[in-house]
Amino acid sequence: MDRLEFRYRTGNTAADTLLNMKYHEIVRTMPDLHMDAERLQFPAKLYIQSYDIGIILGNALDNAIEACRKLNEKEPAEKVFIRISSFQKRELFFLKVENSFDGRILRKPQNEFPVTDKADKENHGMGLFNIKNTAKKYQGTMDFKTNGRVFILSVMMKNECEDK
């Protein structure tokens, strides 16, 4: 434990654990990847369960790291990055994850989500689906778009006490 650098401190234990685990994975496998979570902040009263924050952030980071890895393999000179930010507006909590990618998304016309390009389609390609389902638990939603070679994932959830 002494050797683990605790680089990210958002105040949310689940987020901090995930960010720091992913950071150490990145340092070992892709040292040129820059991960910025400076603007990831959680409200003092967070009613969204830590487990659900973990599902959303974990799947988003796994997808972002994989996209950066693919870009890095194809174009080693290209900058690879992940930027994570959040904010609260009234009772709504917004989380955004942006990452570089090769600019190509595989989509089937009838599918809402991109298709995984991994060989094991049975056990992969569920990340965005899991994020959307988790957001729905909090009367929220998830959306994604691309801007050139930047993939942008946005998640919105209600952050309010259920006792209202």
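Given the structure is predicted, the values throughout are model-derived calculations rather than measurements.
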**Student:** How many angstroms lie between CZ in R39 and CZ in R83, if you round to the nearest 0.5 Å?
**Tutor:**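 Taking CZ in R39 and CZ in R83, the distance rounds to 8.5 Å.
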**Student:** Strictly distance-based, threshold 3.5 Å: is any side-chain N or O of Q41 a donor or acceptor partner for the main-chain N or O of P43?
**Tutor:** no
**Student:** Hey, does I56 have a side-chain heavy atom less than 4.5 Å from the side chain of M157?
**Tutor:**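 SC-SC contact between M157 and I56 confirmed.
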**Student:** If you measure from CD on E73 to CE on M30, what distance do you get to the nearest 0.5 Å?
**Tutor:**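 Rounded to the nearest 0.5 Å, the CD-CE separation comes to 8.0 Å.
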**Student:** If the plane angle is over 60° it's perpendicular, under 30° parallel, otherwise tilted; pick one for F151 and F101.
**Tutor:** perpendicular
**Student:** Does the side chain of L33 reach to within under 4.5 Å of the side chain of I82, using non-hydrogen atoms?
**Tutor:**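 Answer yes - side chains close enough.
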**Student:** In terms of hydrophobic clusters joined by side-chain contacts under 4.5 Å, are L46 and V155 together?
**Tutor:**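 In one cluster with L46: V155, yes.
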**Student:** Distance from E38 atom CD to Y8 atom OH, nearest 0.5 Å?
**Tutor:** 8.5 Å
**Student:** Determine whether R104 and K74 make a side-chain contact, defined as any pair of heavy atoms from C-beta on separated by less than 4.5 Å.
**Tutor:**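 Heavy-atom side-chain distance check passes, below 4.5 Å.
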**Student:** Please report the interatomic distance CD1(I84) to CG(L95), rounded to the nearest 0.5 Å.
**Tutor:**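 That separation rounds to 8.0 Å.
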**Student:** Where do V97 and A60 come nearest, in terms of heavy atoms and distance?
**Tutor:**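 Answer, listing the atom of V97 first, then A60: CG2-CB, 3.9 Å.
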**Student:** Which heavy atom of G127 sits nearest to which heavy atom of N59, and what is that distance?
**Tutor:** CA-OD1, 3.4 Å
**Student:** Write down the atom of S100, the atom of K79, and the distance for their closest heavy-atom approach.
**Tutor:**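 Scanning both residues, the minimum pair turns out to be OG-O, 3.6 Å.
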**Student:** Can you name the residues that form a salt bridge (Lys or Arg N to Asp or Glu O under 4.0 Å) with R149, not counting sequence neighbours?
**Tutor:** E75
**Student:** Could you go step by step and tell me if Q49 and Y138 meet the side chain to side chain contact (heavy atoms under 4.5 Å, CB included) rule?
**Tutor:** CA-CA 10 Å; Q49 294 178 358; Y138 299 92; 3.5 Å; yes
**Student:** Roughly how far, to the nearest 0.5 Å, is the CD1 atom of I65 from the CG atom of N72?
**Tutor:** 12.5 Å
**Student:** Looking only at non-hydrogen atoms, find the nearest pair between I53 and A15 and report the distance.
**Tutor:** CG2-CB, 4.4 Å
**Student:** What pairs of residues pass the ring pair (Phe, Tyr, Trp, His ring centres under 6.0 Å) test when at least one of them lies in residues 33-83, not counting sequence neighbours?
**Tutor:** F42-F93
**Student:** Got more than 12 heavy atoms from elsewhere within 6.0 Å of NZ, K45?
**Tutor:**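 No.
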**Student:** Which atoms form the tightest heavy-atom contact between I48 and N159, and what is the distance?
**Tutor:** N-OD1, 3.6 Å
**Student:** For residues M21 and M35: do they belong to one hydrophobic cluster (side chain heavy atoms under 4.5 Å, members Ile, Leu, Val, Met, Phe, Trp, Tyr)?
**Tutor:** no
**Student:** F94 and K89: which non-hydrogen atoms are nearest, and at how many Å?
**Tutor:** CE1-CB, 4.1 Å
**Student:** I'd like to know if E66 pairs up with R69 as an ion pair, taking the criterion as any Lys NZ or Arg NE/NH1/NH2 lying under 4.0 Å from an Asp or Glu carboxylate oxygen.
**Tutor:**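 Yes, E66 and R69 are salt-bridged.
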**Student:** Rounded at 0.5 Å granularity, tell me how far NE2 in H24 sits from CG in L19.
**Tutor:**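 So the gap between those two atoms works out to 11.0 Å.
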**Student:** Would you say L128 and L153 make side-chain contact, with heavy atoms under 4.5 Å?
**Tutor:**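 Yes - at least one pair of side-chain heavy atoms lies under 4.5 Å apart.
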**Student:** Can you check whether T134 reaches M142 side chain to side chain, under 4.5 Å on heavy atoms?
**Tutor:** no
**Student:** Answer yes or no: does atom NZ of K136 have more than 12 heavy-atom neighbours from other residues, nucleotides or ligands under 6.0 Å?
**Tutor:** no
**Student:** Is there a path of hydrophobic side-chain contacts, each under 4.5 Å between heavy atoms of I/L/V/M/F/W/Y residues, joining M156 to F87?
**Tutor:**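 Yes: a chain of side-chain contacts under 4.5 Å links F87 to M156.
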